[in-house]
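Just follow the structure's listing: the first ligand is 1, and inside any ligand the first atom is 1.
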Amino acid sequence: MLWLRAPTACSSMRDVLIEAQSLNRTYRHGETQVVALAAARFVLSRGDRIALGGRSGSGKTTLLHLMAGLDMPTSGTIDWPALGPRETLLPGKISMVFQTPSLLEPLTVSENVALPVLMADTADPGVRASDVEGAVSAALARFGLEALAQKLPEGLSGGQMQRVAMARAAAGRPLVILADEPTGQLDRATGQALLDALLAHVANTPTALVIATHDPAVSAGMNTLWRMERGVLTEAGPTARQP
Ligand SMILES: Nc1ncnc2c1ncn2[C@@H]1O[C@H](COP(=O)(O)OP(=O)(O)OP(=O)(O)O)[C@@H](O)[C@H]1O
């Protein structure tokens, strides 16, 4: 089933962060084609909390990369009405937590968290250095990383690296955070703590979250379920959290 949640009367194009129509992504291996995303339609609005479920290989990473503007569709359209052109999205307006380790090895935890905030600020010279420091300190505190701030990634556990990646994605307060199975390598308690910190960080803000996950506990923390099945995206409905 294809679907589109159209902007409602009380929402406007300023509320629509990402909108896609007939979005396709096909990978080619010589003569073979893999349809990773087929005719997807969706709207992501301010404040949305989306859990993106689906089996391994169903197309979740492909969808997240298209939403972030990291990849181009084979056909169809994707737009960021409230965010601007694709080349301006990362890392200030949209941030990504990748499935695989992505910290920069020569930089400390603190520097890794600061990097996207600094990169985003280059487009906004009005932001002061103290604002960057404040954003980094707040993110380190939020994700329980203060004691690790001066460590290099090589001295961290996998779970700690994932916390740093999440703090890095959240520090600059982007309008969209896309996270690709951020708790996949963590035990349940650690994963829940990471999700709780993220939800607390974005509480009462317009930031929209889309989290690809196989973890029912993560899905339960979101408001809406999207499901991928062999490249087909459906909205599976509200989670238990939704009134
Ligand atoms: N760069 C690529 N080149 C060729 N095929 C790819 C590429 N990336 C993904 N695919 C294929 O596209 C399909 C969707 O992959 P994708 O990584 O988006 O799924 P996923 O749901 O994120 O999987 P997982 O849960 O295992 O991360 C799979 O069949 C995969 O093999």
Side-chain angles (χ1 to χ4, degrees), residues 1-4 17-44 48-80 86-87 89-91 94-103 158-159 161-166 168-169 174 176-188 190-192 194-195 198 208-222 224-237 239:
M1 180 180 74
L2 302 179
W3 61 275
L4 171 65
L17 300 172
I18 312 179
E19 185 171 24
Q21 309 256 10
S22 306
L23 199 63
N24 294 288
R25 180 64 168 99
T26 302
Y27 299 107
R28 289 174 203 283
H29 294 282
E31 298 294 298
T32 319
Q33 290 192 3
V34 177
V35 179
L37 191 66
R41 301 176 72 186
F42 63 86
V43 170
L44 183 76
D48 277 349
R49 304 277 183 267
I50 311 283
L52 175 60
R55 300 173 83 152
S56 185
S58 60
K60 302 180 297 299
T61 300
T62 299
L63 176 64
L64 293 181
H65 286 189
L66 288 167
M67 293 175 85
L70 280 169
D71 189 18
M72 299 285 276
T74 310
S75 63
T77 61
I78 180 163
D79 294 296
W80 298 267
R86 177 174 172 267
E87 54 276 11
L89 300 174
L90 292 164
I94 297 182
S95 66
M96 203 55 234
V97 180
F98 294 94
Q99 198 172 16
T100 48
S102 61
L103 300 183
M161 284 190 206
Q162 202 58 347
R163 259 194 291 156
V164 177
M166 191 65 94
R168 181 176 62 178
V176 181
I177 298 176
L178 306 169
D180 198 352
E181 299 188 34
T183 65
Q185 309 298 321
L186 308 179
D187 63 74
R188 175 156 287 190
T190 308
Q192 189 63 51
L194 183 68
L195 180 70
L198 177 64
L209 299 180
V210 183
I211 302 185
T213 185
H214 297 284
D215 183 349
V218 173
S219 299
M222 302 288 111
T224 304
L225 289 175
W226 290 1
R227 182 157 298 282
M228 288 290 300
E229 197 172 336
R230 296 182 188 178
V232 176
L233 176 66
T234 55
E235 182 167 351
T239 66

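The protein heavy atom nearest to atom 27 (O) of ligand 1 is Gln99 NE2, 3.1 Å. For atom 28 (C) of ligand 1, the closest non-hydrogen atom of the protein is Gly57 O, 3.6 Å. Annotation: atom 21 (O) of ligand 1 to nearest protein heavy atom, Lys60 NZ, 2.8 Å. The protein heavy atom nearest to atom 26 (O) of ligand 1 is Ser56 OG, 2.5 Å.
Counting atoms of ligand 1 from 1 in the listed order, those under 4.0 Å from a heavy atom of His214 are 25 (O). Which parts of ligand 1 touch His29 is read off a 4.0 Å heavy-atom cut-off, strictly below it: atoms 4 (C), 5 (N). Below 4.0 Å from some heavy atom of Ala36 lie the following atoms of ligand 1, by number and element: 12 (O), 13 (C), 14 (C).
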Name each donor-acceptor pair under 3.5 Å that joins a side chain in residues 65-77 to protein atoms two or more places apart or in another chain, with its distance.
residue, atom, partner, partner atom, Å
Asp71, OD1, Arg25, NE, 3.4
Asp71, OD1, Arg25, NH2, 3.4
Asp71, OD2, Arg25, NE, 2.7
Thr74, OG1, Thr26, N, 2.8
Ser75, OG, Asn24, ND2, 3.0

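With a heavy-atom cut-off of 4.0 Å, Met228 does not touch ligand 1 at all.
The shortest side-chain heavy-atom distance between Phe42 and Ile18 falls under the 4.5 Å cut-off. Counting only heavy atoms from C-beta outward, the side chains of Trp80 and Val176 never approach each other to under 4.5 Å.
Comparing heavy-atom distances from atom 29 (O) of ligand 1 across Leu37, Leu64, Thr62, Val34 singles out Val34 as nearest.
Atom 31 (O) of ligand 1 is never approached by the protein to below 4.0 angstrom, counting heavy atoms only. Protein non-hydrogen atoms do reach within 4.0 Å of atom 14 (C) of ligand 1.
Taking the side chain to side chain donor-acceptor pair (under 3.5 Å) definition, one finds that Ser22 meets it with nothing, sequence neighbours left out.
Distance check, rounded to the nearest 0.5 Å: CD of Gln21 to CD1 of Ile78 gives 11.0 Å.
No more than 12 heavy atoms of other residues, nucleotides or ligands sit less than 6.0 Å from atom CD of Gln185.
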